[in-house]
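Here the structure is laid out as structure tokens; the discussion comes afterwards.
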Amino acid sequence: MEMHKFEKFFVNSDLCNIIHKRFIFPSFFKFIDKNLNGKALEIGCGIGKTTEFIAKEYNKLNIIAIDYDKEQIKIANKNKFKNAKFSQGDATHLKFKNSSFDYVIESNSFHHLDYKAAIKEVSRVLKNNGTFYLMDVSQYFFIWPVYLFFPPESSFSKREFINSLEDNRFKLEKSKRNLLFFIAARKI
């Protein structure tokens, strides 16, 4: 699902970029607490700002970054990172072969789609013992008036999300926070 106009404007803004760069991603990287290398899929890359943070933090990681919105990918492709490539894609119908990735990273995109279908696809494309790192917002974030400007396609609690992971061959390694939550889950 594509974002609403206001949400796209905000997500692509300098303000949102500063918030991600200074507060959210440093906490997320501290949560990951590993030196990632290998092949990764980033779901929901938008215009590539999140990809830039990931590519710089994990410069030995080869990243394929996807987003559903063709316009966002067109902008993202103007970025040139030696370890990242951009492609339009649907997280609920990934075009990659089974067991293609060592890691999948998702940042605030599963509330825009059928998250249960996307989790199944992540399980399919992730190698056994591969890790799914994600951050997303709980259903409790979408109160009025937030809901008016950022309406979710899916809403879930952290517990519901973890249950869906466990139903799809994932074992929870760790989690943190409840509103904007972080999860690390290993495919078993």
Check: Which ring-ring contact (aromatic ring centres under 6.0 Å, His included) pairs, counting each pair once, include a residue from residues 38-62, with sequence neighbours left out?
Finding: F25-F53, F29-Y58
Margin query: Apply side-chain contact (heavy atoms from CB on, under 4.5 Å) to residues F170 and V122 and explain how you reach the verdict.
Written below: CA-CA 10 Å; F170 284 99; V122 169; 3.8 Å; yes
Next item on the list: Using atom types as modelled and distance alone, determine if a side-chain donor or acceptor of Q88 lies under 3.5 Å from a backbone N or O of K70.
Entry: no
Note to self: Applying salt bridge (charged side-chain N to carboxylate O under 4.0 Å, His left out), can you list everything that pairs with R124, at least two apart in sequence or on another chain?
What the structure shows: E121
Note to self: L134 vs V104, test: side-chain contact (heavy atoms from CB on, under 4.5 Å). Steps then yes/no.
What the structure shows: CA-CA 8 Å; L134 64 108; V104 175; over 6 Å; no
Notebook entry, point to check: Are L172 and F156 joined in one hydrophobic group, where the rule is that I, L, V, M, F, W and Y side chains link up if heavy atoms are under 4.5 Å apart?
Noted result: yes
Item checked: For E42 against C45, the heavy-atom pair lying closest together -> OE1-CB, 3.5 Å
Note to self: Quick check: is V125 connected to I183 through a chain of hydrophobic side chains (ILVMFWY, heavy atoms under 4.5 Å apart)?
What the structure shows: yes
Check: Is N83 reaching over with its side chain to a backbone N or O of A55, donor-acceptor style, under 3.5 angstrom?
Finding: yes
Checklist line | OG1-NZ distance between T92 and K120, expressed to the nearest 0.5 angstrom | finding: 11.5 Å
Margin query: Do F182 and S27 make a side-chain contact, defined as non-hydrogen atoms from C-beta onward lying under 4.5 Å apart?
Written below: yes
Note to self: For a quick check under 3.5 Å, do K158 and S175 share a side-chain donor-acceptor pair by atom type?
What the structure shows: yes
Checklist line | For the student: nearest non-hydrogen atoms of L113 and A118, plus distance | finding: CD1-CB, 3.5 Å
Item checked: From CG (L36) to CD (E57), nearest 0.5 Å -> 8.5 Å
Check: Can you name the residues that form a side chain to side chain contact (heavy atoms under 4.5 Å, CB included) with S87, not counting sequence neighbours?
Finding: I66, K95
Check: Hey, any chance I188 and I119 share a hydrophobic cluster, counting ILVMFWY side chains that come within less than 4.5 Å of each other, even indirectly?
Finding: no
Check: When rounded to the nearest 0.5 angstrom, what is the spacing between CZ in F23 and CG in L180?
Finding: 13.5 Å
Note to self: Please give me the minimum heavy-atom distance between S109 and D136, naming the atom from each residue.
What the structure shows: N-OD2, 3.5 Å
Next item on the list: Quick one: which residue pairs count as a salt bridge (Lys or Arg N to Asp or Glu O under 4.0 Å) with a foot in residues 174-188, not counting sequence neighbours?
Entry: E173-R186
Note to self: Is there a path of hydrophobic side-chain contacts, each under 4.5 Å between heavy atoms of I/L/V/M/F/W/Y residues, joining I47 to I24?
What the structure shows: no
Notebook entry, point to check: Can you check whether S164's main-chain N or O pairs, donor with acceptor, with N168's side chain at less than 3.5 Å?
Noted result: yes
Check: Do Y103 and F132 make the cut of ring centroids closer than 6.0 angstrom?
Finding: no
Next item on the list: Please collect all ring-ring contact (aromatic ring centres under 6.0 Å, His included) contacts where either partner lies in residues 76-97, sequence neighbours excluded, each pair once.
Entry: F96-F101
Margin query: Quick check: closest heavy atoms across Y115 and F110, and the distance to 0.1 Å?
Written below: CB-O, 3.7 Å
Check: salt bridge (Lys or Arg N to Asp or Glu O under 4.0 Å): which pairs involve residues 100-117, sequence neighbours left out?
Finding: D102-K127
Margin query: Let me confirm one number: the CG-CD distance from D67 to Q72, rounded to the nearest 0.5 Å.
Written below: 5.5 Å
Check: With a 4.5 Å heavy-atom cut-off, do L165 and K171 have their side chains touching?
Finding: no
Margin query: Quick check: closest heavy atoms across G48 and N79, and the distance to 0.1 Å?
Written below: CA-ND2, 4.0 Å
Checklist line | I54 and I105: CA distance, side-chain angles, deciding distance, side-chain contact (heavy atoms from CB on, under 4.5 Å) verdict | finding: CA-CA 9 Å; I54 296 166; I105 301 168; 3.8 Å; yes
Next item on the list: Walk me through it: do V137 and N108 pass the test side-chain contact (heavy atoms from CB on, under 4.5 Å)?
Entry: CA-CA 7 Å; V137 289; N108 296 320; 4.0 Å; yes
Notebook entry, point to check: Distance from N62 atom CG to K60 atom NZ, nearest 0.5 Å?
Noted result: 12.0 Å
Next item on the list: Output the distance between atom OG1 (T51) and atom NZ (K56), rounded to the nearest 0.5 Å.
Entry: 12.0 Å
Next item on the list: Compare every heavy atom of A65 with every heavy atom of I73, then report the nearest pair and how far apart it is.
Entry: CD1-O, 4.4 Å
